[in-house]
Amino acid sequence: MTDMNALIPHLIDGAPYGAKSPRTQGVTNPATGEITRHVAMATADDVDLAVKAAQKAFIGWSETPPSRRAQVLFALRDGMMKRRDEIARTISLEHGKTHDDALGEVARALEVVEFACGIPHLLKGDFSRHVARDLDASSERQPLGVVAGITPFNFPAMVPLWMIPMALACGNSFILKPSERDPSSANLIHELLENAGLPPGVFNVVHGDKEAVDAILDHPGISAISFVGSTPIAHYIYSRGCNNGKRVQALGGAKNHMVIMPDADLDQAADALMGAGFGSAGERCMAISVAVPVGRGTADRLVEKLVPRVQALKIGPSTDKDAEMGPLITKAHRDKVADLIAKGAAEGAKLVVDGRGYSLQGYEGGFWMGGTLMDHVTPQMTVYREEIFGPVLSVVRADHYDQAVAMINAHPYGNGTAIFTRDGDAARDFARRIEVGMVGVNVPIPVPVGYHSFGGWKQSIFGAHGIYGPEAIHFYTRLKTISARWPTGIRAGAEFTFPSNG
Ligand code: NAD
């Protein structure tokens with residue numbers, strides 16, 4: 001599998017590009033720490049080439065009837081279904097998540113492809129006959145042109161596929177700048193789209209880092225940008241992109257709380273916290289990183305149930321069928337998580353289970369970290385204020401329900417949250433009052449299905465539209481409204497008064 005010489009190329013106008021890239025970067029298998037491949041890193045000239053290819057392809061693609069565009073997406077779905085194991089292996093090799101978790105990522109990506117297959121219906125316009133004498137009005141949504149996606153490492157297939165099917169279905173051409181840490185999935189998506197019959201240049205992949213991103217942000221040929229990643233970068237993308245006159249949606253980081261009410265089934269809540277806190281080693285923007293038990297008795301009983309579960313976490317490479325979580329993405333990230341745990345302890349949190357120093361026989365070079373549980377965390381602590389993005393669950397004890405709600409509402413992030421309770425009134429009140437974009441009632445990771453839309457609130461999103469689902473139709477199109485009157489309806493002579501519906 002390991003090929004030290006293999007270069008992951010850009011894919012521009014349907015062809016590999018960048019064999020002579022002046023700059024490349026190693027791509028690591030996080031389970032072993034070995035560099036498996038290198039990826040080409042784009043310059044502004046490479047981005048310009050991709051934009052030109054996408055502009056050329058847009059002309060034909062935007063004129064292709066939506067039903068024909070949908071045929072490509074149906075074929076993409078077929079290809080993904082047939083090759084889902086291979087896609088999952090590609091994800092895991094560079095990301096480190098377990099095979100089953102990667103299959104789950106593919107399944108959620110498929111939902112978006114399936115929704116986009118309904119594009120003829122989704123793009124249906126509005127028509128009003130006779131809005132004034134002999135005058136008809138209609139509204140339609142037209143594509144924007146070349147749009148770009150900039151994506152994070154943690155879902156190297158799903159997050160790009162939150163964007164690509166919707167943008168293409170709407171008639172745009174697309175440039176993807178995936179994470180440089182696990183770039184191979186993007187090239188596999190390109191292959192799947194090519195096999196599905198997408199014309200060259202409609203979808204292009206440009207690999208790289210800040211240099212490529214800045215070129216995208218500044219290129220006048222790009223109309224819109226979808227970004228998913230950390231909050232500081234999301235804010236940067238939003239500001240610079242908007243400043244350049246582009247439409248931008250930029251989804252950022254998270255700190256997701258789960259409130260556990262005294263009446264909740266605590267075994268169910270503890271199991272939910274394990275999956276939501278430690279699945280994918282906590283590297284999910286919808287991971288639950290803060291448990292908020294309400295009342296001292298609830299907290300004591302919950303922590304008692306969590307400790308043996310966290311200690312028993314099965315950690316291993318993606319090839320281990322029994323593993324529940326894999327390694328972290330890089331050594332630098334693993335060390336950052338370890339530093340934050342140390343800071344938590346220094347600031348007064350009780351380190352109930354400490355995952356630092358974990359190592360796995362035969363995989364000593366991997367970026368491992370065991371599950372960590374911290375109790376008595378307070379809102380003032382760094383571990384509470386910052387996104388950790390690792391297998392670390394903090395317990396912040398609340399005396400009563402209103403205190404839990406106020407704390408969550410005061411947090412700058414507002415991506416996801418959940419409440420575990422048997423009390424319908426509490427659940428209903430929570431869903432209404434909580435200032436968070438995605439809410440679970442006894443559902444720990446409330447990622448909306450493909451025909452709803454995904455998006456947080458506050459510092460977890462910049463821009464007006466959520467991603468995928470109906471919101472994506474609005475983001476990837478612009479509205480045109482046509483008022484039409486035919487010669488028999490036109491009165492003789494010029495009219496100088498402002499038109500009214502008389
Ligand atoms: P990141 O912000 O470091 O990188 C995201 C993208 O931005 C990558 O393509 C990267 O190359 C690029 N980038 C990085 N630094 C840049 C810079 N200085 N200038 C320009 N571009 C830059 O994020 P990550 O570490 O890859 O992913 C993890 C983060 O993503 C977490 O904060 C997580 O919460 C967030 N995330 C959010 C969602 C969501 O839907 N809200 C989903 C997944 C991940």
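Please read all numbers here as calculations on a predicted model, not as lab measurements. In each ligand, atom 1 is the first atom listed, and ligand 1 is the first ligand listed.
Defined by atom type and a distance below 3.5 Å, a donor-acceptor pair is missing between the side-chain atoms of Glu364 and Ser359. For the residue pair Ser230 / Glu387, no side-chain donor-acceptor distance below 3.5 Å is found, with atom types taken as modelled. Side chain to side chain, His95 and Asn154 fail the donor-acceptor criterion of an N or O pair below 3.5 Å. Using a 3.5 Å distance cut-off with no hydrogens or angles, the side chains of Asn204 and Tyr17 do not pair a donor with an acceptor. Side-chain contact annotation: Arg37 with Ser184, donor-acceptor N/O pair under 3.5 Å present. For the residue pair Gln249 / Ser226, a side-chain donor-acceptor distance below 3.5 Å is found, with atom types taken as modelled. Side-chain atoms of His465 and Tyr476 form no donor-acceptor pair, as typed in the model, at a separation below 3.5 Å.
The closest protein non-hydrogen atom to atom 41 (N) of ligand 1 is Gly252 O, 2.8 Å. Summary of contacts: the protein heavy atom closest to atom 39 (C) of ligand 1 is Cys285 SG, 3.4 Å. Nearest protein heavy-atom contact of atom 28 (C) of ligand 1 is Phe389 CE2, 3.5 Å. Protein heavy atom in closest approach to atom 7 (O) of ligand 1: Phe227 CE1, 3.4 Å. Nearest to atom 15 (N) of ligand 1 among the protein's heavy atoms is Ile233 CD1, 3.6 Å. If you check which protein heavy atom lies closest to atom 23 (O) of ligand 1, you get Ser230 N, 3.6 Å. Among protein heavy atoms, atom 40 (O) of ligand 1 sits closest to Phe454 CE2, 3.0 Å.
Looking at Asp46, its side chain does come within 3.5 Å of a backbone N or O of Thr43 through a donor-acceptor pair.
Residue Arg181 has at least one N or O atom closer than 3.5 Å to an N or O atom of ligand 1. Considering both main-chain and side-chain atoms, Gly229 comes within under 3.5 Å of ligand 1 through a nitrogen or oxygen pair. Residue Tyr236 has no nitrogen or oxygen atom sitting less than 3.5 Å from a nitrogen or oxygen atom of ligand 1, judged on distance alone. The shortest N or O to N or O distance between Leu251 and ligand 1 is not below 3.5 Å. Checked by distance only, ligand 1 and Gly253 stay at 3.5 Å or farther apart across all their nitrogen or oxygen atoms. Geometrically, ligand 1 and Asp209 share no nitrogen or oxygen pair separated by less than 3.5 Å. Checked by distance only, ligand 1 and Lys177 come closer than 3.5 Å through their nitrogen or oxygen atoms.
In Met286, neither the side chain nor the backbone holds a heavy atom less than 4.0 Å from any atom of ligand 1.
For Gly456, the closest heavy-atom approach to ligand 1 does not fall below 4.0 Å. Under the 4.0 angstrom criterion for non-hydrogen atoms, Phe155 is not in contact with ligand 1. Judged by the shortest distance from any of its heavy atoms, Tyr413 lies outside the 4.0 Å radius around the atoms of ligand 1.
Ring centroids of His333 and Phe367 are separated by 6.0 Å or more, keeping the two rings apart. Ring centroid separation for the pair Tyr384 and His411 comes in under the 6.0 Å cut-off.
Distances below 4.0 Å separate heavy atoms of Asn154 from the following atoms of ligand 1: 43 (C), 44 (C). Which parts of ligand 1 touch Val213 is read off a 4.0 Å heavy-atom cut-off, strictly below it: atoms 20 (C), 21 (N). Those atoms of ligand 1 that come under 4.0 Å of a heavy atom in Glu387, given as number and element, are 31 (C), 32 (O), 33 (C), 34 (O). Here is the list of ligand 1 atoms found below 4.0 Å of a heavy atom in Trp162: 40 (O).
Screening Lys177, Arg23, Arg181 for a salt bridge (Lys or Arg N to Asp or Glu O under 4.0 Å) involving Asp209 leaves a single residue, Arg23.
Protein heavy atoms are absent from the 4.0 Å sphere centred on atom 4 (O) of ligand 1.
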Checklist entry - Could you walk me through whether Glu105 and Arg284 pass the salt bridge (charged side-chain N to carboxylate O under 4.0 Å, His left out) check? => result CA-CA 11 Å; Glu105 168 170 356; Arg284 289 180 184 146; over 6 Å; no
